[in-house]
Amino acid sequence: MKVKKAKNFQAPKGMHDILPEDQKYWRYILKKAEGLLEDYSFEKIETPILESTELFLRGVGETTDIVGKEIYTLKTKGGDELALRPEGTAPTARAYIENGMQVRPHPIKLYYVEPMFRHDQPQQGRYRQFHQLGVETLGDTSEAVDAELLFLAHKILESIGLHNYNVHINSIGDQNCRPIYIRALKDYYKTKAKKICAQCRVRVKENILRVLDCKEEICRDVIKDAPQMMDFLDDECRLHFKHVLEFLDEAKIPYILNPHLVRGLDYYTRTVFEFIPDENASSQSSVLSGGRYDKLVETIGGPKTPAAGWAMGLERLILALKEKNVNVPQIGIKPKVFLAQLGDVAKRRSLLLFEEVRKAGIEIKSSLGRDSIKGQLRIANKLGVKFALIFGQKEAIDGTVILREMDTGVQENIPLEKIVDELKKRLKK
Ligand SMILES: [Zn+2]
Ligand SMILES: [Zn+2]
């Protein structure tokens, strides 16, 4: 009989494990970010990983990359068309409507930390399952909201030790003034079909704003002379944008006016922004992006609700932290005592002994599986503990434990009921 070789399973392409040694980065970022968010009265929300596909088609838009090309969809046994969430804003807006949050005092300030899914070409720092921390402020049209969101984004990045970002900002107008701009842009591109890339030729027909952020060399030349939204903003949009910038000036947050920043998603109105690493960074992809989306809640069936938000990619931030060698605190205890044990009786009792010492607030480690005392003391040495407790068959029967001072090797037999006090006394010295 042929023995079939066991299959070597791998994580799906573009998806990754987050190993113990990387957890410290996650905890570090989230501790800093969530602390700030709570100080600014943002409350956490969690939404399901799966949503109706229709929510993203209508909310984010069929012609966007993340829905048109990259969305993961599935059909359930019951026949529902569901999608793995590619972004967090549409689900948050859906939750806002479904849970009747419109009756709560406004604005509603929410944040989420969740995995997202996009069937994109994997690259360094870019995964098909990745994590975003996002914030959304719903129910307020004022420019103070945009400013607070930008300020907070800046503060969060600063607090984790990343300073080298430029804030690129633009206004893409609203349903009142944008159509006039789009007409002007279409006119301009009418004669340019031969001078742009194949993808942009499709974009001109489907979602013309997207031509503005094309990275192809030949397209850059055409974009340079294209009409700019800034010149088409109506009075209300112009004033809104002006006020956002005044807030930023006041808060001393430097920014770059980028007339070609449009963002890929249909739901944006007025302010859009991205935080892009400065020229010295190895990667120029944005770590944080967002904007105002005054029409989204209505588009997916809710009441008129102006809103704004942003999201940052946590894997990319972690990459940046590693590149910059930012000092991140370790997770886990630094033990002062190591518990070594030998023999069945001692091993069984050592579980309780360990707990007694731990409960007293003394950092302790042990390795329950190992049998030779020598091997265990070697681990104790490596850990740099001050004391080892040696608990063998004889000690277990006598109700004692050997206390060994690691530096000197001096050992002493101590009754079990006194060991916690003895450790406390000696560790105080
Ligand atoms: Zn307008
Ligand atoms: Zn192009």
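Here the structure is a predicted model, which is why all the values come from computation and not from measurement. Counting starts at 1 for both ligands and their atoms, following the listed order.
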Answer yes or no: is there an ion pair linking Asp120 with Arg118, defined by an N-O contact shorter than 4.0 Å? no
Within the supplied structure, the quantity of interest is the number of heavy atoms (other residues, nucleotides, ligands) at a distance under 6.0 Å from Lys24 NZ; does it exceed 12? yes
Just do the side-chain contact (heavy atoms from CB on, under 4.5 Å) check on Val385 and Met406 with the steps written out, would you? CA-CA 7 Å; Val385 295; Met406 293 301 287; 4.0 Å; yes
Kindly determine whether Thr53 and Asp80 satisfy side-chain contact (heavy atoms from CB on, under 4.5 Å), including the steps that lead there. CA-CA 9 Å; Thr53 306; Asp80 293 330; over 6 Å; no
Can you give me the closest heavy-atom contact between Pro48 and Arg85, atom names plus distance? O-NH1, 3.2 Å
Carboxylate-amine/guanidinium proximity below 4.0 Å for Arg210 and Asp65: yes
Enumerate the protein N/O/S atoms at a distance below 2.8 Å from the Zn ion (ligand 1), ignoring waters. Asp174 OD1, Cys177 SG, Asp234 OD1, Asp234 OD2, Cys237 SG
I want to check something: taking the side chain as every heavy atom from C-beta on, are Val262 and Val211 in contact at a cut-off of under 4.5 Å? no
Is the shortest side-chain heavy-atom distance between Ile71 and Phe56 below 4.5 Å? yes
Give the ring-plane orientation class for His106 versus Tyr96, where under 30° counts as parallel, over 60° as perpendicular and anything between as tilted. perpendicular
Provide the protein N, O or S atoms situated under 2.8 Å from the Zn ion (ligand 2); waters are not included. Cys197 SG, Cys200 SG, Cys214 SG, Cys219 SG
